[in-house]
Amino acid sequence: MSNIIVVGCGRVGSQLANMLSDNGNNVSCIDRSPDAFANLGRNFNGSTVQGVGFDEDVLIRAGVESCDVLAAVTQYDKVNIMCAEVASRLFDVPHVIARLYNPDHERAYMQLGIDYVCGTSLVAEDVFSKVMIGHGSHVSTFGDFEILRFSLDLSSEGDARSIKVSELERDHEVRIIAFERLDGSASSIPARDSLLYSGDTVLACVRHDHIKQFLRYMQG
């Protein structure tokens, strides 16, 4: 269970807040308009805070000091950037995600190192997937790809104790960048025939739309 703040309670924000709440997370939703909270419906189990999402006092009231993830999903890119910057730089929120409404602003997001979701459709689902991956696994976003650091889980492979890098990369549009053995005895940039073992720490580059398929290899 994570503590999550959603900034913006329009169609995307309300859908995302309900998805996260239904998944058992503590969710606080921020919007400057009190009327926007009606979008959440009667079954929303989280809390609401009226105000501007990049205002420090508003964020504190929403629980930013114990926040694991903040998602800024308003229709205004400048607001989303400011929310992301305040949350990450002033409050050290481990994982901040911003909606990118205008693709022309993508370069600014990338230069600031902001994790983002671009598009006008399925935005709530895309942000939800990023949150569910876990802030501990996210390293960076690079175009259509996500850089992830995680412990390898081979339980989905039956009795297999190891897997070749080439097999892991096959059919997933993923590249294994580096790995470290479970006992810390070795770390390496792998070759295609390198063996990975369950529990090894892996640094991987995964295409956004293949992350759901790849989740079975990620512990925790």
Side-chain angles (χ1 to χ4, degrees), residues 1-102 105-106 108-138 140-141 146 208 220:
M1 182 172 63
S2 298
N3 297 320
I4 302 171
I5 295 175
V6 176
V7 181
C9 196
R11 180 184 60 82
V12 171
S14 59
Q15 181 183 357
L16 175 62
N18 275 296
M19 291 170 69
L20 293 168
S21 179
D22 290 345
N23 203 65
N25 297 287
N26 294 322
V27 182
S28 181
C29 197
I30 298 174
D31 200 286
R32 65 188 307 166
S33 170
D35 295 336
F37 299 129
N39 294 322
L40 293 167
R42 296 180 179 179
N43 296 323
F44 177 62
N45 293 321
S47 60
T48 59
V49 177
Q50 182 186 356
V52 178
F54 51 81
D55 182 280
E56 295 178 40
D57 291 335
V58 171
L59 286 169
I60 290 172
R61 282 193 282 128
V64 71
E65 293 169 311
S66 59
C67 180
D68 300 302
V69 185
L70 180 141
V73 293
T74 77
Q75 292 187 358
Y76 305 99
D77 288 347
K78 290 183 180 179
V79 172
N80 294 337
I81 288 178
M82 292 176 69
C83 292
E85 288 283 276
V86 171
S88 61
R89 298 186 185 278
L90 295 186
F91 293 102
D92 296 320
V93 175
H95 191 184
V96 175
I97 307 165
R99 179 185 185 182
L100 173 57
Y101 199 79
N102 184 345
H105 298 156
E106 184 172 10
Y109 277 59
M110 294 180 67
Q111 288 176 336
L112 291 169
I114 296 174
D115 189 11
Y116 63 92
V117 168
C118 182
T120 57
S121 62
L122 299 179
V123 174
E125 289 87 344
D126 290 341
V127 177
F128 180 78
S129 295
K130 281 178 174 283
V131 174
M132 288 299 100
I133 289 169
H135 65 270
S137 300
H138 169 80
S140 184
T141 297
E146 195 84 13
H208 288 155

Kindly compute the distance separating CG (N25) from CD1 (I4), expressed to the nearest 0.5 Å. 4.0 Å
Side-chain donor-acceptor pairs of residues 35-42 under 3.5 Å, sequence neighbours excluded:
residue: N39; atom: ND2; partner: C9; partner atom: O; Å: 2.9
residue: N39; atom: ND2; partner: A36; partner atom: O; Å: 3.1

Backbone of S14 reached by a side-chain donor or acceptor of N18 within 3.5 Å: yes
Could you report the tightest heavy-atom contact between G13 and V6, atom names first, then the distance? O-CG1, 3.8 Å
Tell me, please, which residues at least two apart from S88 pass side-chain hydrogen bond (donor to acceptor under 3.5 Å, both in side chains). none
Pairs meeting criterion side-chain hydrogen bond (donor to acceptor under 3.5 Å, both in side chains) with involvement of residues 52-65, two or more places apart: none
Residue pairs, two or more places apart or on separate chains, that pass salt bridge (Lys or Arg N to Asp or Glu O under 4.0 Å) and touch residues 78-89: E85-R89
Spatial distance of atom CD (Q15) from atom CG (L20) [nearest 0.5 Å]: 10.5 Å
Qualifying residues under side chain to side chain contact (heavy atoms under 4.5 Å, CB included), relative to M82, sequence neighbours excluded: F54
Residues that T74 engages under side-chain hydrogen bond (donor to acceptor under 3.5 Å, both in side chains), provided they are two or more places apart: N80
Please list, chain by chain and in numerical order, all residues satisfying side chain to side chain contact (heavy atoms under 4.5 Å, CB included) with A62, sequence neighbours excluded. I5, S28, I30, V49
Closest non-hydrogen atom pair, V7 against C83: CG1-SG, 3.8 Å
Looking only at heavy atoms, which two atoms of V69 and C67 are closest? And how far apart? O-SG, 2.9 Å
Heavy atoms only: give me the nearest G51-V58 pair and the separation to one decimal. CA-CG2, 3.9 Å
Can you list everything that forms a side chain to side chain contact (heavy atoms under 4.5 Å, CB included) with N45? Sequence neighbours excluded, please. S21
Here the pair of heavy atoms bringing I97 nearest to Y116 is CG2-CA, 4.5 Å
Could you check if a side-chain atom of L59 sits within less than 4.5 angstrom of a side-chain atom of L70, using non-hydrogen atoms only? yes
Hey, are the side chains of V96 and D115 touching, using non-hydrogen atoms and a 4.5 Å cut-off? no
